Amino acid sequence: MKKKFYHGEGRRILKKNDQSQMDSMERKVLIELLYQLADDDFILAYRGSEWLGLAPHIEEDVAFSSINQDMMGHAAMFYQLLEDLGEGHVDILAHGRSSKDRKNAVLLELVNGPGHYLEKPKFDWAFTVVRHYFYTQFKKIRMESLKNSSYQPLADVAVKVNMEIYYHLLHWKTWFMQLIDANDEARNRMETAVQQVFDEFADVLSYGPNGREIAEAGFIDKEEIITQMWKHQLLTVFESVNLSIPIKIKTKSGKGREGFHTDDLAVALSILSEVYHIDPAANW
Amino acid sequence: MTETVFNQQLTEEDNFNLFMLRIEAGEKIEADDWMPDDYRQTLIKLISMHGISEIMGALPEKEWVPKAPTIKRKLGIMAKVQDEMGHGQLLLRVTEDLMKPLGKSREHIMQDLFSGRLKFHNVFHMEAPTWGDAGLIGWLVDGAAIISQTNMLNASYGPYARALKRICAEEVFHAQHGEAIIMALTEGTEQQKDMVQDAVNRWWEALLMFFGPADASTTGTSKQDTTIKYRIRSKTNEELRQEFFSKYIPRVLSLGLTVPDETMRFDKDQGIWIYQQPDWNKFKEIIRNKGPKSQERLQLRIHSYEESEWVRRALSK
C-alpha cells in the first residue's frame with residue numbers, strides 16, 4: 001500500500017509525549033501550530049453559531065448546529081493541549097486573547113455576510129457552503145497527517161477529530177454538489193463564492209513564518225504536501241461539475257498565521273467575549 | 001381497509017361516537033384515522049403553535065449563543081437551542097400530516113406566522129438583555145414547559161404524544177442546563193447575583209402568563225375545555241400554574257432569590273398558592289405580536305426566510 005503521509009524527509013522522528021522531550025525551538029513551533037488549529041476551529045464555529053435559527057430550512061439549522069458544536073469541541077481539545085503546555089486556561093485562550101494574538105486563517109474570520117446576527121443579517125449561504133466545504137476538506141487532510149504527528153497528545157486528538165469530520169465533509173459536499181448544479185442563479189452565486197474563497201485560501205494552507213520548522217519536527221507533513229493533496233481532492237470534484245479551478249490561490253485580506261487580521265475578527269471577538277469580559281476572574 | 005369502508009357507511013354522528021369511545025378508552029388516534037374536523041382543527045392550531053413557538057423560542061436564546069462566557073457554556077447553549085429547533089421540526093412534521101388532507105403545507109405555516117395569523121408563545125416576545133436571562137429561560141421557562149407538556153404526554157393523538165415524549169426528555173436537560181448557569185451566578189459575585197434577580201423580576205409576569213388564563217372569562221376565549229374533552233390534555237391552566245409554583249417557588253427561595261410578588265403565599269387550608277394575577281390585557285396584546293420584542297423577532301425570521309429563498313428554490317428544481 002502506498003504510504004500517503006511521511007514526516008521529515010523520511011528521517012525517523014522520535015515520538016514525544018511531553019515537552020521535556022523537545023528543544024526550545026520545537027516547543028515554540030508546536031505551540032504555534034496548536035494556536036493555528038485551535039483558533040481556526042474556534043472562529044469558524046463562532047461564525048457557524050451566528051447562523052443558528054437563520055439557516056435556509058429547519059432541518060439544516062439542526063444539522064449545522066451539530067457541526068458547530070463538534071468544531072467548538074475540537075477547538076476546546078486543541079486549546080487544552082495548549083493549556084497542558086503552560087499557555088494558560090482554555091477559556092482565557094479562547095476569550096481573552098486579542099486579534100493580533102490570534103493565529104486563525106483570515107478566511108475563517110470573515111463575516112457570513114453584511115449585517116448583524118440579530119439585525120437584518122444578509123448572510124450568504126453560498127459563501128458559507130463553499131468556505132465550510134473547502135475548509136473541511138483541508139481539515140480532513142490535515143487531521144490524517146496529524147494522526148502521525150510526532151507529538152503524541154496531538155496525534156491522539158487528531159484521531160478523535162477525524163472521526164467527526166467524515167460527516168461534516170459529507171454534509172458540505174452534498175450542499176456544494178446540489179447548489180452548483182441546481183439552476184443558473186445558484187450556479188452564479190456558487191461560482192462567485194468559489195472565487196471569494198480562493199482569494200483567501202492561501203492563508204488557510206499556510207503554516208506561518210515557521211512552517212519549515214513545524215514540518216521538520218515531525219508535527220505534521222510539509223505544507224506543500226497538504227496543499228497538493230487538497231488541490232487534488234478539489235480538482236476531482238470540480239471536474240465532475242465542470243468547474244474550472246481559479247488559477248491563483250491568494251491571501252487577499254490578511255495573513256492570519258502572522259497575526260494580521262481584518263476588523264471582522266476584532267468585532268467577532270468583542271461579541272463572543274462580551275460576558276466573559278464582565279468579570280474574567282468570575283466563575284460563570 | 002375493511003374498517004375504512006365500514007366507517008364510510010356510518011353517519012357522521014356514528015363516526016363521532018365511535019371516535020369518542022376510542023379516545024375515552026385511551027386508544028391513540030393516528031394520522032390516517034377518521035377524526036372530527038373540530039379535533040383536527042384543534043390539533044393543527046395547538047401543534048403548529050407549539051412547533052412555531054419552539055422555533056421562535058430559539059431567537060431570544062440565540063442572542064446569547066455566541067456570547068456565552070466559557071467554551072463549556074457555549075457548547076451547552078448551542079446544544080440547547082439546537083434541541084429547540086429540533087422540537088420545532090418534529091412538531092411541524094406532525095402538523096404537516098394533519099394539514100395534508102386540507103391541501104396545506106409547511107409553507108402555509110410559515111406564511112401564517114409572518115402574517116400574524118399563527119401566534120407564538122407569550123414568553124418568546126420578551127426581552128432577554130443579559131446572560132442572567134439566558135440562564136433563566138433554560139431554568140424556569142423550560143421548567144414551565146416541562147409541566148405543560150407533561151400534561152399532554154398521554155394525548156389522544158398518537159403522533160403528538162410520541163413527539164412530546166422525546167421533547168420532554170430533552171427539556172429536562174435544558175432545565176438542568178439553565179439551573180447550572182443560575183447556580184453558578186447565584187454562588188458568584190454580587191454583580192452576578194443581581195443579574196439573576198433582575199432576570200427573575202423581569203420574567204415573573206411572563207411566567208405567570210405562560211400557562212394561560214384560568215378560564216375564558218379573563219380573555220374571552222380558551223381552548224382548554226375542548227382539549228380536555230378530546231383527551232389531548234388532562235389538567236386545567238390553573239392546575240398547571242399551581243404545580244409550577246409548588247415545584248419552583250421553594251427552589252427560587254433556596255437560592256437566596258425573591259419573587260416580585262409580596263402577596264405570594266401558600267394557603268394551607270385551600271391547598272393553593274395565592275398570588276397577584278398578571279395583567280391579562282397585556283397578555284392579549286403580547287400574543288397579538290405587540291410584545292416588547294415581537295416585531296423585531298418576527299422581522300428577523302421573515303428577513304432570513306427571504307434571504308434564503310434562492311436556496312429553497314434551488315433545492316426544489
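All values derive from a computational prediction rather than experimental measurement.
Heavy atoms closer than 4.5 Å to chain B are found in the side chain of A:E185, but not in its backbone. For a residue to count as touching a neighbouring chain, one of its non-hydrogen atoms must lie under 4.5 Å from one of that chain's; by this rule B:A58 does not touch chain A. For A:L179, the part lying near chain B is the side chain, with the backbone staying farther off; criterion is any non-hydrogen pair under 4.5 Å. Interface remark: A:F64 contributes no atoms to any contact with chain B (heavy atom separation under 4.5 Å). With a threshold of 4.5 angstrom between heavy atoms, A:I278 approaches chain B through its backbone and through its side chain. For B:A180, no part sits under 4.5 Å from any heavy atom of chain A, backbone or side chain. B:E63 touches chain A through backbone and side chain together, each having a heavy atom under 4.5 Å away. Looking at B:I71, both its backbone and its side chain come within 4.5 Å of chain A, counting heavy atoms on both sides. Contacts between B:E309 and chain A at a heavy-atom distance below 4.5 Å are absent for every atom of the residue. For A:A126, the parts lying under 4.5 angstrom from a heavy atom of chain B are both the backbone and the side chain. For a residue to count as touching a neighbouring chain, one of its non-hydrogen atoms must lie under 4.5 Å from one of that chain's; by this rule B:T189 touches chain A with the side chain only. For B:R301, the part lying under 4.5 angstrom from a heavy atom of chain A is the side chain only.
Annotation: the span from B:Y305 atom OH to A:L54 atom CG amounts to 14.0 Å, rounded to 0.5 Å. In this structure, A:M71 CE and B:L75 CG are separated by 12.0 Å, a value rounded to the nearest 0.5 Å. To the nearest 0.5 angstrom, A:D279 atom CG is 9.0 Å from B:M195 atom CE. To the nearest 0.5 Å, the span separating CE on B:M78 from CG on A:D70 amounts to 10.0 Å. Taken to the nearest 0.5 Å, the CD1 atom of A:I58 stands 10.0 Å off from the CG atom of B:L91.
Using modelled atom types, one side-chain atom of B:K74 and one backbone atom of A:L272 make a donor-acceptor pair closer than 3.5 Å. Formation of a donor-acceptor pair under 3.5 Å by the B:H303 side chain with backbone atoms of A:P121 is found in this model. Proximity of a side-chain donor or acceptor of B:R313 to a complementary backbone N or O of A:A186 within less than 3.5 Å is not detected. Looking at B:Q192, its side chain does come within 3.5 Å of a backbone N or O of A:N283 through a donor-acceptor pair. B:R73 places a side-chain N or O within donor-acceptor distance of the main-chain N or O of A:W284, the cut-off being under 3.5 Å.
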*Given side-chain contact (heavy atoms from CB on, under 4.5 Å), test B:Q82 with A:S66 step by step and report yes or no.*
CA-CA 8 Å; B:Q82 177 198 29; A:S66 276; 2.7 Å; yes
*Mind running side-chain contact (heavy atoms from CB on, under 4.5 Å) on A:R189 and B:W310 for me, showing each step along the way?*
CA-CA 10 Å; A:R189 285 176 186 264; B:W310 73 271; 3.3 Å; yes
*In sequence, state the C-alpha distance, the side-chain angles, and the governing distance for B:L315 and A:H57, and then conclude on side-chain contact (heavy atoms from CB on, under 4.5 Å).*
CA-CA 11 Å; B:L315 294 181; A:H57 52 66; 3.8 Å; yes
_Steps toward salt bridge (charged side-chain N to carboxylate O under 4.0 Å, His left out) verdict (B:K67, A:E50)_ = CA-CA 10 Å; B:K67 297 181 181 177; A:E50 288 187 309; over 6 Å; no
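Of all the listed residues (B:A314, B:G188, B:A184), the one sharing the greatest number of non-hydrogen pairs under 4.5 Å with chain A is B:A314. Contact count versus chain B (heavy atoms, under 4.5 Å) is highest, among A:A182, A:A45, A:G115, for A:A182. For the options B:L59, B:L185, B:V81, heavy-atom pairs under 4.5 Å to chain A are most numerous at B:V81. Ranking B:P69, B:A79, B:S304 against chain A, the residue ahead of the rest is B:P69, based on heavy-atom pairs under 4.5 Å. Contact count versus chain B (heavy atoms, under 4.5 Å) is highest, among A:Q178, A:E274, A:H95, A:M72, for A:H95.
Residue B:K293 qualifies as enclosed at atom NZ: its count of foreign heavy atoms under 6.0 Å is above 12. Within a 6.0 Å radius of CE in B:M183, no more than 12 heavy atoms belonging to other residues, nucleotides or ligands are found. Other residues, nucleotides and ligands place no more than 12 heavy atoms under 6.0 Å from the CZ atom of B:F173. The local environment of NZ in B:K72 is sparse, with at most 12 non-hydrogen atoms from other residues, nucleotides or ligands closer than 6.0 Å. Around CD of B:E107, the count of heavy atoms belonging to other residues, nucleotides or ligands within 6.0 Å exceeds 12. Within 6.0 Å of the CG atom in A:D263, the count of heavy atoms belonging to other residues, nucleotides or ligands does not exceed 12.
Residues B:K62 and A:S49 approach most closely at NZ-O, 4.2 Å, considering heavy atoms.
By the 4.5 Å heavy-atom criterion applied to side chains, A:W125 and B:S308 are not counted as neighbours. Side-chain contact between A:D61 and B:Q89: absent, with no pair of heavy atoms (C-beta onward) separated by less than 4.5 Å. With contacts defined as side-chain heavy-atom distances shorter than 4.5 Å, the pair B:E61/A:L52 does not qualify. In this structure, A:V275 and B:W64 have side chains that are in contact, with non-hydrogen atoms separated by less than 4.5 Å. Side-chain contact between A:Y117 and B:L300: absent, with no pair of heavy atoms (C-beta onward) separated by less than 4.5 Å. In this structure, A:E60 and B:V311 have side chains that are not in contact, with every pair of non-hydrogen atoms separated by 4.5 Å or more.
Taking the charged nitrogens against the carboxylate oxygens, B:R297 and A:E119 have no contact shorter than 4.0 Å, which rules out a salt bridge.
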